[in-house]
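Please read these numbers as outputs of a predicted model, since none were measured by experiment. Quick note: residue numbers are just sequence positions, from 1.
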Amino acid sequence: MGGFLRRYPMPLAFLVLFAATGFVQLALLTGPARESLIAWASTNLDNLSWNPVGTLVTSAFVAEGESAAQVVQLGVMALGLFPLARRFGNLRAVLIVVSAHVAGTLVSEGLTAVRLAFGSVSASVREISDVGPSYVLAAALLATILFGPGRVARILAAASLAALSPYLFEGLTSLDVAAVGHVVAMGTGVGLGGLMALRDRRTRFALPALAQIGPGPAMSATSAAYARRRRAVRREALPVAA
């Protein structure tokens with residue numbers, strides 16, 4: 001158990017915080033208090049104008065659904081976050097989902113602000129309720145489908161994303177805030193995941209090639225790094241004494 005905790009601190013921390021917040025909302029807060037928390041945490045134009053950091057952080061851990069819906073969200077997030085951490089490591093997995101959440105929020109709300117300025121939507125959009133981990137969830141699932149560490153993880157993520165798609169993209173043609181945010185978050189997750197996967201691939205093939213063919217443009221024959229690598233290769237080639 002201790003090894004599992006050390007290996008996956010990011011997904012475990014996210015799920016525990018989300019579950020704890022849900023417990024507080026459903027078991028400890030009254031109806032009006034819960035509504036006040038949701039209103040405070042919502043990533044709408046009014047809140048982002050005076051408390052952008054607090055709103056962006058808190059909104060990912062506050063949900064509007066009842067206990068059954070939150071349990072489903074926990075399970076689906078696990079199907080995306082654990083494979084993502086296994087594939088890219090915890091720090092890079094954090095970078096992917098945080099970037100997806102922030103980008104999804106800022107782009108969708110920025111588009112709403114533009115539409116409001118042109119009179120395409122009413123002023124009530126400034127105070128909409130917009131909380132939940134769905135940007136994180138959508139980005140993690142799609143990144144797992146494309147770059148996941150195994151077939152089973154990819155299949156489970158694909159099934160989850162397919163089941164959630166009607167909800168995630170509802171209202172996209174009318175530029176609904178949540179739907180636009182989901183698309184942007186997924187695109188951000190795919191973009192960052194693709195760059196990381198490409199970097200991993202290049203790194204995986206770089207050192208063996210350098211060991212076999214000698215210095216190249218990335219490592220001069222006079223550099224200390226190349227000298228250390230060459231000494232290591234020579235030691236590996238020395239015969240073992242009887």
Side-chain angles (χ1 to χ4, degrees), residues 1-19 22 59-61 63 65 68-105 107-108 131-173 176 178-208:
M1 184 63 179
F4 186 80
L5 292 174
R6 288 191 296 271
R7 187 175 182 182
Y8 298 111
M10 185 281 284
L12 286 170
F14 193 97
L15 296 178
V16 167
L17 284 172
F18 180 76
S59 63
F61 301 100
Q70 294 194 25
V71 169
V72 171
Q73 286 180 315
L74 275 171
V76 175
M77 281 191 291
L79 295 177
L81 293 178
F82 281 104
L84 200 65
R86 180 182 173 190
R87 172 63 178 83
F88 293 115
N90 287 278
L91 290 178
R92 293 196 295 174
V94 168
L95 177 61
I96 289 174
V97 297
V98 169
S99 298
H101 178 68
V102 172
T105 298
V107 172
S108 61
V131 293
S134 58
Y135 294 167
V136 169
L137 181 153
L141 287 178
L142 186 55
T144 295
I145 293 169
L146 297 178
F147 314 111
R151 181 177 298 178
V152 173
R154 293 184 179 191
I155 291 174
L156 291 175
S160 300
L161 187 59
L164 292 173
S165 289
Y167 159 73
L168 296 176
F169 303 123
E170 182 181 4
L172 182 59
T173 55
D176 177 78
V180 171
H182 291 139
V183 171
V184 173
M186 293 167 75
T188 303
V190 169
L192 286 176
L195 290 174
M196 292 176 185
L198 180 61
R199 182 179 182 276
D200 288 346
R201 184 177 180 181
R202 289 177 175 174
T203 302
R204 189 163 59 247
F205 291 107
L207 285 179

Closest heavy-atom contact between [X] and [Y]?
| X | Y | answer |
| --- | --- | --- |
| Ala140 | Val97 | CB-CG1, 4.3 Å |
| Ala85 | Asn90 | CB-OD1, 3.9 Å |
| Pro83 | Ala78 | CD-O, 3.6 Å |
| Val184 | Ala103 | CG1-O, 3.6 Å |
| Pro149 | Ala153 | CD-CB, 4.4 Å |
| Leu79 | Ala157 | O-CB, 4.4 Å |

Query raised in the report: Are Phe14 and Phe18 an aromatic pair by the rule of ring centers under 6.0 Å?
Result: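 Ring-ring flag for Phe14/Phe18: false, centres at least 6.0 Å apart.
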Report task. Start with the C-alpha distance between Leu168 and Leu161, add both sets of side-chain angles, then the distance that settles side-chain contact (heavy atoms from CB on, under 4.5 Å), and finish with yes or no. Result -> CA-CA 9 Å; Leu168 296 176; Leu161 187 59; 3.7 Å; yes
Rounded to the nearest 0.5 Å, how far apart are [atom1] of [X] and [atom2] of [Y]?
| X | Y | atom1 | atom2 | answer |
| --- | --- | --- | --- | --- |
| Leu74 | Gln70 | CG | CD | 7.5 Å |
| Leu142 | Leu137 | CG | CG | 11.5 Å |
| Met10 | Leu95 | CE | CG | 10.5 Å |
| Arg154 | Leu146 | CZ | CG | 7.5 Å |

Query - Verdict with reasoning, Leu15 to Met77, per side-chain contact (heavy atoms from CB on, under 4.5 Å) - result: CA-CA 8 Å; Leu15 296 178; Met77 281 191 291; 3.8 Å; yes
Requested in this report: Could you label the plane-to-plane angle of the Tyr135 and His182 rings as parallel, tilted or perpendicular, counting under 30° as parallel and over 60° as perpendicular?
Outcome: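 Geometry flag for His182 against Tyr135: perpendicular rings.
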Requested in this report: Measure up the Phe88 and Phe147 rings against each other and bin them: parallel (under 30°), tilted (30 to 60°), perpendicular (over 60°).
Outcome: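 Phe88 and Phe147: perpendicular rings.
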Requested in this report: May I ask you to check whether over 12 heavy atoms, not counting those of Leu91, lie within 6.0 Å of atom CG?
Outcome: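 No, because the 6.0 Å sphere around CG of Leu91 holds 12 heavy atoms or fewer from other groups.
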Query raised in the report: Okay, side chain of Ser108, backbone of Val180: is any donor-acceptor separation there less than 3.5 Å?
Result: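 The answer is no, because no donor-acceptor pair under 3.5 Å joins these two groups.
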Query raised in the report: Going through the distances and angles, do Val102 and Thr188 end up as a side-chain contact (heavy atoms from CB on, under 4.5 Å)?
Result: CA-CA 10 Å; Val102 172; Thr188 303; over 6 Å; no
Requested in this report: For the pair Leu12 and Leu5, evaluate side-chain contact (heavy atoms from CB on, under 4.5 Å) and give the outcome as yes or no after the intermediate values.
Outcome: CA-CA 7 Å; Leu12 286 170; Leu5 292 174; 3.4 Å; yes
